[in-house]
Amino acid sequence: MTKKLLLIDGNSIAFKAFYALYTAMDKFTNPSGLHTSAIYGFNRMLDKVLADEKPTDVLVAFDAGKTTFRTKMYADYKGGRAKTPTELSEQFPFLKELINARGISTYELPDYEADDIIGTLAKKAEEAGDYQVVIVTGDRDLTQLTSDKTTVQVSKKGVTELETYTPKHVEEKLGVKPSQIIEIKGLKGDNSDNYPGVEKVGDKTAVRLVQQFGTIDNLYQNIDQVSGKKLKEHLIHDQAQAERAHTLATINRDAPVTVSLDQLKYQGDNIDKLTDFYERMGFKSFLAKLSVDDQDHADDQADIQYTVLSAKNAAELDQFTDEVTFHLEMSEENYHTSPLVGFAIGQGDKWYVTNDPELLHNQHVIDLLTSKTIKKNVFDAKRTYVGLYRQGIELANVDFDMLLVSYLLNTTNNSNDVGTVAHLHGFYNVKTDEEVYGKGAKRHIDPQSPAFLAHLVHKVKAIDALHDGMFKDLDAHNQSKLYWDIEIKIAFVLAHMEINGIKVDAATLEGMGSKFKERLAEIEQTIFQEAGEEFNIGSPKQLGKILFEKLRLPILKKTKTGYSTSVDVLEKLAPDAPIVQNVLDYRQISKLQSTYVDGLLKVIHPDDSKVHTRYLQTLTQTGRLSSVDPNLQNIPVRSEEGRLIRQAFIPSHPGWQIFSSDYSQIELRVLASITDDQNMQDAFKNGEDIHATTARRIFGLPSNEEVTPELRRQAKAVNFGIVYGISDFGLASNTGITRKQAHQFIERYFEEYPGVKKYTEDIVEFARNHRYVETIAHRRRYLPDINSKSFNLRSFAERTAMNTPIQGSAADIIKIAMINMADAIKDMKTRMLLQVHDELIFEVPDEELDTVKQLIPSVMDSAIHLNVPLKVESHWGKTWYDAK
DNA sequence: GAGATCAGCGCGT
DNA sequence: TTACGTGCTGATCTC
């Protein structure tokens, strides 16, 4: 029987894992302060490779130290590298402990790198005959070891994503044989290992030369045949360097390793040691997996038992009379337009699956899905509802929406993928779509493959398996009402809004577009004349060169890659040079053109001249919705030129009106209510202008009449700032006052609104104790950084603690209003079209206008009872533009 | 040369 | 060094 030897390049994988999780490093620490990111990433990689390869023998090789036979030969080898961060180096001893607990040996050899150990053992195994060898590394140089018996897997960006190299694959990708990789490296050198090859020879040239000559030796023997005079000169001049680079790049396959192949047997996890280790590292998900694996191994096989659904056996679906789990698979993200590729349905241990969406029209399937008594468990109710609705099937009685529940339990790390969410909740017997279908351009769904059907079954099984536990968690969070009364209901309200869509007049947009095009061409010419040369105005880099190098305008702000050219900078520079104002105009118009004219035209549906956005219900950290394809929550309104875009948004029937109602200052009203600040509440109860009142209070004026527009503007900035948890620095830069003044404003604000001051202190204290904050409806946001040692992270978490209950409660309120609204207008012709955070937009026939003028605001302002009144303002007109 | 990802920018509440 | 988002273009990296 053949054995399979897995050889892992410990250092390179640890490095990759560490840098893959670099930004999240502070989240990966155990209670004693040890960083654990590299250990975590390494273990994820191990899990994957052990599962995929099922090796019989395994070794992890490490570098022994800084000096090796290569540094003796060339002192600068790997010179100039930054010192390994202590956050990583402190992890190595524990990493080795992990590897041993997983039943795997580690090995290192003085004077040699891990590469050489791996090369040597791979060679021994190949010579022994009955081995297959798999090498896992982060370093593509090791692909020189591929052969018909040895494959090399190189980690891509993350650590768990591996690309497999066989000799064929190496040749396809690099254009040369594996053994010729060292010839390439000899010619071009290696920047990261800090040794040069031949000057002016890069990838392209090196490959060409190696394809022509095979080896460097042969190249120099036939140097006369090299085409290109300069190239030849460089080759001759750098011959010694090339030969040295060749040697440095060559993996030593005869290193004096002292372990033998028969010492490498893979022992499997030592559960006791591993449990102890995971506990010390704080690896909850791995701990969960340990226990799940224990239970699951038995039913791994039984697991993939399913029946392929057909017209013949569909009657068997009648056995489900109580509840059923259902998943509708679509090949694309946009469920309004995506093809349907299959579905799975079942419960308990009876699972049916098909790649034929036509079976949705089978009466037994329809009866099940539309039954008002049989409960349905799904992942993403809105998506499923819309997908079925397109087939004329109205999904009814959704019980468990795994996506939605997962989002409510924890808004961070949520995902639209069943597998990913399942893993998050400790269920591992399902793959992610990316694992099964691939990603990006390589993504491909093959509905004919058995893997496809199995994947769908695993998905429904995951949903079924997590149903009870996640509902319990929801209850433990006191979030069941949030789920049942708000989120699951709003999902269907949103579905209908999306399906209904809003009509967009393409001709209006096209008219605007051609005007913009002319105007852009004009301004462009002016700018080129002023600059004295042509360049790409849309490139901040090129623009920066022109403005700050050629024209020598003062550099007011920098970004991490160069000069800042953002509006606030350009506005300050505009008086200095006319070109700047032209750039600002150009920017404004090209934004309108690309994002709104061209962008919207692209997504108008040809059949109904409408756009059908998708509201993402499970994305934001605060409970707001977001909108995509197209985003209808950022249609211009502030500048008149931009606002004209709204003329293209029209009712879907002639003579109807676009009707818009928005909450006035909902966030400040929420603030007044939850802080229980009497002064702020009084202002709202008395119907005062809140910004004027704030100005009067903080500037100590006798009455609101004394407040000048400038003072009101400043007070408004403070009000906003408080909602966002601003600092004096931020307030100063925002309003153009000094930092000291800003500090005084904030002090005065807290004196006048003491309830607000107390709230900001209390909520941060709550967050420190509980690690989360909540909205009125018990929507929860975790703040893991609230006790961070990093000032920036901690400050951010503190601001979030103040803002999220405000912004999130406002989101709760409008969602409740929308649910009530859908019910209030259900027998009318009026349709609710859009939600823009504090605003609802409708289309209304003339005969209902008088009714909705009363009805809509009253539904909105009665959505919830606060300690202050909610105020709603309405506008209408023949287009969205005119609803002002 | 195409595709993926990052950076900068600007649109909304 | 003020919260939450989408999406465009260009630059850069990767294959």
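Chain naming here is simple, since letters A, B, ... match the order of the sequence lines and numbering starts at 1 in each. Because the structure is predicted, anything quoted here is derived from the model rather than measured.
Of the side-chain N and O atoms in A:Arg624, none sit less than 4.0 angstrom from OP1 or OP2 of C:dG5. Within the structure, every side-chain polar atom (N or O) of A:Gln593 is placed at least 4.0 Å from both OP1 and OP2 of C:dT9. A close approach under 4.0 Å does occur between a side-chain nitrogen or oxygen of A:Asn536 and OP1 or OP2 of C:dG10. Taking only side-chain nitrogens and oxygens, A:Thr565 comes nearer than 4.0 Å to OP1 or OP2 of B:dC9. The side chain of A:Ser639 contributes no N or O atom lying less than 4.0 Å from OP1 or OP2 of B:dC11. A close approach under 4.0 Å does occur between a side-chain nitrogen or oxygen of A:Lys439 and OP1 or OP2 of B:dT5. Residue A:Thr595 places none of its side-chain N or O atoms closer than 4.0 Å to OP1 or OP2 of B:dC11.
Proximity note for A:Val637 (side chain, C-beta onward) versus C:dG5, B:dC11, B:dG12: the nearest is B:dG12. When distances are taken from the side chain of A:Gln588 to each of B:dG12, B:dC11, B:dT5, the shortest belongs to B:dC11. Of the candidates B:dG10, B:dG8, B:dG12, the closest approach to any side-chain atom of A:Thr559 belongs to B:dG8. The nucleotide whose nearest atom lies closest to any side-chain atom of A:Ser594 is, among C:dT9, C:dG5, C:dC4, C:dT9. Between C:dT6, C:dA11, B:dA4, one nucleotide has an atom nearer to the side chain of A:Leu619 than all others, and that is C:dT6. Nearest nucleotide to the A:Ser539 side chain, out of C:dA11, C:dG5, B:dG10: C:dA11. For A:Asn631, the side-chain atoms get nearest to C:dT6 when compared with the rest of C:dT6, B:dC11, C:dA3. The side chain of A:Ala441 has B:dG3 as its nearest neighbour among B:dG3, C:dC4, B:dC11. Proximity note for A:Thr561 (side chain, C-beta onward) versus B:dG8, C:dT9, C:dT6: the nearest is B:dG8. For A:Pro636, whose side chain is taken as the heavy atoms from C-beta onward, the closest listed nucleotide among C:dA11, B:dC9, B:dG12 is B:dG12.
A side-chain N or O of A:Glu839 and one of A:Ser660 form a donor-acceptor pair less than 3.5 Å apart. Using modelled atom types and a 3.5 Å distance limit, the side chains of A:Lys591 and A:Tyr596 yield no donor-acceptor pair. At a cut-off of 3.5 Å, with distance as the only test, no side-chain donor of A:Ser795 or A:Asn792 sits close to an acceptor on the other residue. Side-chain polar atoms of A:Glu571 and A:Gln581 form no donor-acceptor pair below 3.5 angstrom. Side-chain atoms of A:Ser12 and A:Thr137 include a donor-acceptor pair closer than 3.5 Å. Side chains of A:Gln588 and A:Ser639: a donor-acceptor N/O pair is present below 3.5 angstrom, by distance only. Using modelled atom types and a 3.5 Å distance limit, the side chains of A:Thr411 and A:Gln621 yield a donor-acceptor pair. For A:Gln807 and A:Thr622, the side-chain atoms include at least one donor-acceptor pair closer than 3.5 Å. Under 3.5 Å, the side chains of A:Thr412 and A:Arg781 contain no donor-acceptor pair of N or O atoms. Side chains of A:Asp812 and A:Thr775: a donor on one and an acceptor on the other come within 3.5 Å.
Within the nucleic acid shown, A:Arg781 comes within 4.0 Å of sugar-phosphate atoms alone, with no base atom in reach, counting heavy atoms only. At a threshold of 4.0 angstrom between heavy atoms, the contacts of A:Ser627 are confined to the sugar-phosphate backbone, with no base atom among them. No contact: A:Leu625 has no heavy atom under 4.0 Å from any strand. Using a 4.0 Å heavy-atom criterion, one finds that A:Phe796 contacts the sugar-phosphate atoms exclusively. A:Gln621 comes within contact range of the sugar-phosphate backbone alone, with a heavy-atom separation under 4.0 Å but no base atom that close. Note on A:Glu839: nothing from the nucleic acid sits closer than 4.0 angstrom, heavy atoms only. Within 4.0 Å of A:Ser590, counting heavy atoms only, lies no atom of the nucleic acid at all. At a threshold of 4.0 angstrom between heavy atoms, the contacts of A:Asp629 are confined to the sugar-phosphate backbone, with no base atom among them.
Rounded to whole Å, the distance from CZ on A:Arg614 to P on C:dG7 is 9 Å. Taking atom NZ on A:Lys560 and atom P on C:dT12, their separation rounds to 14 Å, with Å as the unit. The separation between A:Ile635 atom CD1 and C:dG7 atom P is 10 Å, rounded to whole Å. Distance A:His837 NE2 to B:dC11 C1': 11 Å, rounded to the nearest Å. B:dG12 atom C1' lies 5 Å from atom CG of A:Asn634, rounded to whole Å. In this structure, A:Leu834 atom CG and B:dG12 atom P are separated by 16 Å, rounded to whole Å. Distance CG (A:Leu600) to C1' (C:dG7): 11 Å, rounded to an integer number of Å. A:Leu592 places its CG atom 14 Å from the C1' atom of C:dG7, with the value rounded to the nearest Å.
Under a cutoff of 6.0 Å and an axis angle of 45°, A:Arg669 and A:Tyr663 do not form a cation-pi pair. For the pair A:Arg780 and A:Tyr772, the cation-pi test (distance below 6.0 Å, angle within 45°) is passed.
Classification of the A:His691-A:Phe720 ring pair by plane angle, with boundaries at 30° and 60°, yields parallel.
Using P as the reference atom, B:dG8 and C:dT1 are 15 Å apart when rounded to the nearest Å.
In this structure, the separation between CG on A:Leu625 and CE on A:Met497 is 8.0 Å, given to the nearest 0.5 Å.
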If you restrict it to nitrogen or oxygen atoms, what contacts under 3.5 Å exist between nucleotides 13-15 of chain C and the protein, and what is each distance?
unit_1, atom_1, unit_2, atom_2, d
C:dC15, OP2, A:Arg140, NH2, 2.6
C:dC15, O3', A:Lys173, NZ, 2.5

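Taking a 4.0 Å limit (strictly below) on heavy-atom distances, residues 716-727 of chain A does not reach DNA chain B anywhere.
Stems are defined here as 3 or more consecutive Watson-Crick or G-U wobble pairs with pairing distances under 3.5 Å; those involving DNA chain B are B:1-9 with C:7-15, B:11-13 with C:3-5.
The base of C:dG10 is not paired with the side chain of A:Lys541 by any donor and acceptor separated by under 3.5 Å.
For A:Tyr753 and A:Tyr749, the ring centers sit closer than 6.0 Å to each other.
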